[in-house]
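Presented below is the structure to which this report refers.
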Amino acid sequence: MIALVDCNNFYASCERLFQPRLQNKPIVVLSNNDGCVIARSEEAKMLGINMGDPGFMIEPLLQQHQVTVFSSNYTLYGDLSDRVMRTLGHFSDTVEVYSIDEAFLDLRSFRHHNLTDYARQIRNTIKQHIGIPVTIGIAPSKTLAKMANHYAKKRKKAVGIHCLDTPATLREAMEHTPVQDIWGIGAQYAKLLVKNGFNNAWQLSRAPEEWVRKNLSVTGQRLYNELKGIPCMELEELPPKKKMICVARGFGRVLEDKHEVMEALASYTAMVAAKLRSDELAASMIHIFLQTNAHRNNDPQFFRSLNISLPVATNSTHELIGHARRGFETIYRPGYKYHKTGCIAMELVPHNQVQYGIFDDKNRERDARLMKTIDMVNRSLGKDTVRFALQGYSAGWKLRQQKLSPRYTTRINELATVNI
DNA sequence: TCTGGGGTCCTAGGACCC
DNA sequence: TCTGGGGTCCTAGGACCC
């Protein structure tokens with residue numbers, strides 16, 4: 001059996017952990033730039049606030065019900081996530097960290113245990129040691145474990161655990177799972193399935209396999225077998241090798257000044273370079289793009305992107321910024337209100353396996369030492385302490401984060417204070 | 001009358017996930 | 001005024017090769 005452990009309303013729960021007065025109060029967390037709702041406490045869900053609602057559009061509702069709003073604080077969530085995952089490691093030798101708030105646990109060697117009791121133990125330990133509430137679903141395959149978890153959240157909230165270990169419990173959960181709630185079925189496939197008379201997971205698992213293969217491709221066929229209880233997806237303990245590294249962001253406001261857009265692109269490129277180094281990778285190609293705000297119907301729209309092949313794979317900040325700048329010069333057009341830009345590193349190779357070029361005259365070893373030093377300084381004194389000229393100092397494109405909470409667990413000067 | 005066929009590589013686009 | 005960001009996988013179709 002496989003368990004899926006999922007943190008409840010994770011970002012909202014993280015924020016609440018350090019502000020106990022928000023217990024039983026509605027909370028929402030907004031995406032970058034304080035854009036859309038990406039997490040809600042139960043109380044906020046009950047008010048009819050949906051995932052993805054733009055913050056400014058639900059402003060009256062937030063005020064009316066005194067909803068506490070937070071900007072997203074990934075430093076805090078990442079640290080609490082690490083603690084949860086480390087704790088899960090005590091309960092199974094095989095843990096796949098699937099996302100910041102979810103993990104699959106292999107419980108196949110626990111055949112003689114009462115798995116519901118074991119799950120209760122996991123749940124209590126995480127609540128006690130870290131303070132985050134979790135829900136646990138247990139079933140014969142990953143897809144069914146996801147379904148069990150979903151079922152527990154919807155119908156057994158108080159218990160927070162659901163185990164699909166008999167044909168009857170399996171069928172019951174599947175009949176109560178509409179196709180769009182199946183892991184791997186999105187809006188498009190759900191529409192197609194309903195049109196063809198498959199409304200819930202049970203019905204889909206009874207569909208002709210040929211039809212599934214033809215209409216949902218091989219991923220759909222895998223999913224179909226998982227629904228039948230035949231595991232087709234193994235647990236991945238090691239994170240797979242990255243194929244790309246992307247930093248892209250909308251600006252706090254639209255930009256019409258070429259240099260400001262370039263500063264943003266240079267800064268995102270520098271972030272890509274730092275990520276490459278921390279993963280010990282180098283990029284053989286970068287992709288850059290810039291675009292206007294598609295939501296502003298009255299503005300002329302512009303989108304352009306460019307692939308840039310690099311003569312020698314690199315993770316050096318100034319080299320990557322140099323390539324990005326030359327690319328930017330060729331795709332930039334004046335006269336538009338720019339909203340977003342980004343840099344994507346592709347064709348990644350391990351940094352110690354880079355092929356040098358015959359005509360390459362750069363001193364790459366000296367460069368690597370310089371980058372190491374910069375990373376060290378920025379790690380200890382803050383992300384932007386050392387930066388390159390092109391990144392600039394104008395804050396016009398910086399993120400909007402008006403409701404940012406302290407990084408309680410990772411910065412000594414942002415510790416929580418307790419009045420007694 | 002009949003107008004090759006099998007293979008690879010690349011890219012764009014669509015679908016999905018959290 | 002204000003609508004997220006970072007990923008993966010699969011397929012179809014074109015270019016090219018022999």
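A, B, ... follow the sequence lines: proteins, then strands. Residue 1 opens every chain. Worth knowing before you read on, the calculation uses all heavy atoms, side chains too, and leaves out hydrogens, waters and symmetry mates. Model, not experiment: these values are computed from the prediction.
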Using a 4.0 Å heavy-atom cut-off, does [X] contact any base of the nucleic acid, only the sugar-phosphate backbone, or nothing at all?
X        : answer
A/Gly250 : sugar-phosphate
A/Ile182 : sugar-phosphate
A/Glu59  : nothing
A/Ile185 : sugar-phosphate
A/Ile344 : nothing
A/Ala187 : sugar-phosphate

message: Both A/Phe56 and A/Lys340 contact DNA chain C. Taking the nearest nucleotide for each, which residue is further toward the 5' end?
response: A/Phe56
- prompt: Closer to the 5' end of DNA chain C via nearest nucleotide, is it A/Lys243 or A/Arg249?
  reply: A/Arg249
Derivation and outcome, side chain to side chain contact (heavy atoms under 4.5 Å, CB included), residues A/Leu310 and A/His323: CA-CA 8 Å; A/Leu310 312 183; A/His323 290 294; 3.6 Å; yes
Quickly work out the [X] [atom1] to [N] [atom2] distance and round it to whole Å.
X        : N      : atom1 : atom2 : answer
A/Trp397 : C/dG5  : CH2   : P     : 13 Å
A/His150 : B/dC18 : NE2   : C1'   : 14 Å
A/His287 : B/dT11 : NE2   : P     : 12 Å
A/Asn307 : B/dC10 : CG    : C1'   : 12 Å
A/Tyr77  : C/dG6  : OH    : C1'   : 17 Å
A/Tyr98  : C/dT8  : OH    : C1'   : 9 Å
A/Leu223 : C/dC10 : CG    : P     : 13 Å
A/Leu306 : B/dT11 : CG    : P     : 13 Å

Nearest of [options] to any side-chain atom of [X]?
X        : options               : answer
A/Asp101 : C/dG4, B/dC18, C/dG7  : B/dC18
A/Arg222 : C/dC9, C/dG7, B/dA15  : C/dC9
A/Trp183 : C/dT3, C/dC9, B/dC18  : B/dC18
A/Ile38  : C/dG7, C/dG4, B/dA15  : C/dG4
A/Met57  : C/dG7, C/dC10, C/dT3  : C/dT3
A/Ser217 : B/dA15, C/dC10, C/dG5 : C/dC10
A/Asn32  : C/dG5, C/dC10, C/dC2  : C/dG5
A/Asn33  : C/dC9, C/dT3, C/dG5   : C/dG5
A/Lys275 : C/dG6, C/dG4, B/dA15  : C/dG6

message: Can you confirm whether more than 12 heavy atoms, excluding those of A/Met51, are under 6.0 Å from its CE atom?
response: yes
- prompt: Between A/Lys403 and A/Phe70, is NZ or CZ placed under 6.0 angstrom from the six-membered ring centre and within 45° of the ring axis?
  reply: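 No, A/Lys403 and A/Phe70 do not form such a contact.
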query: Within 45 degrees of the axis of the six-membered ring of A/Trp211 and under 6.0 Å from its centre: does A/Arg213 put its NZ or CZ there?
result: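 Negative - A/Arg213 is either too far from the ring of A/Trp211 or too far off its axis.
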field: Check ion pair A/Glu42-A/Lys45 (N to O, under 4.0 angstrom)
entry: yes
Using a cut-off of less than 4.0 Å, is there contact between a side-chain N or O of [X] and OP1 or OP2 of [N]?
X        : N      : value
A/Arg296 : C/dC2  : yes
A/Asn293 : C/dT3  : yes
A/Lys146 : B/dC18 : yes
A/Arg400 : C/dT1  : no
A/His295 : C/dT1  : no

- prompt: Can we call the ring centroids of A/Trp183 and A/Tyr189 under 6.0 Å apart?
  reply: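 Centroid distance A/Trp183-A/Tyr189: not below 6.0 Å, so no.
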Distance between C1' atoms of B/dG4 and C/dC16 (Å, rounded):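 Here B/dG4 and C/dC16 have their C1' atoms 16 Å from each other.
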Watson-Crick/G-U partner (both atom distances under 3.5 Å) of B/dG6: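 Result: C/dC17.
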task: Would you please test A/Lys153 and A/Asp6 for side chain to side chain contact (heavy atoms under 4.5 Å, CB included) and show each step?
output: CA-CA 10 Å; A/Lys153 277 193 176 146; A/Asp6 185 313; 3.0 Å; yes
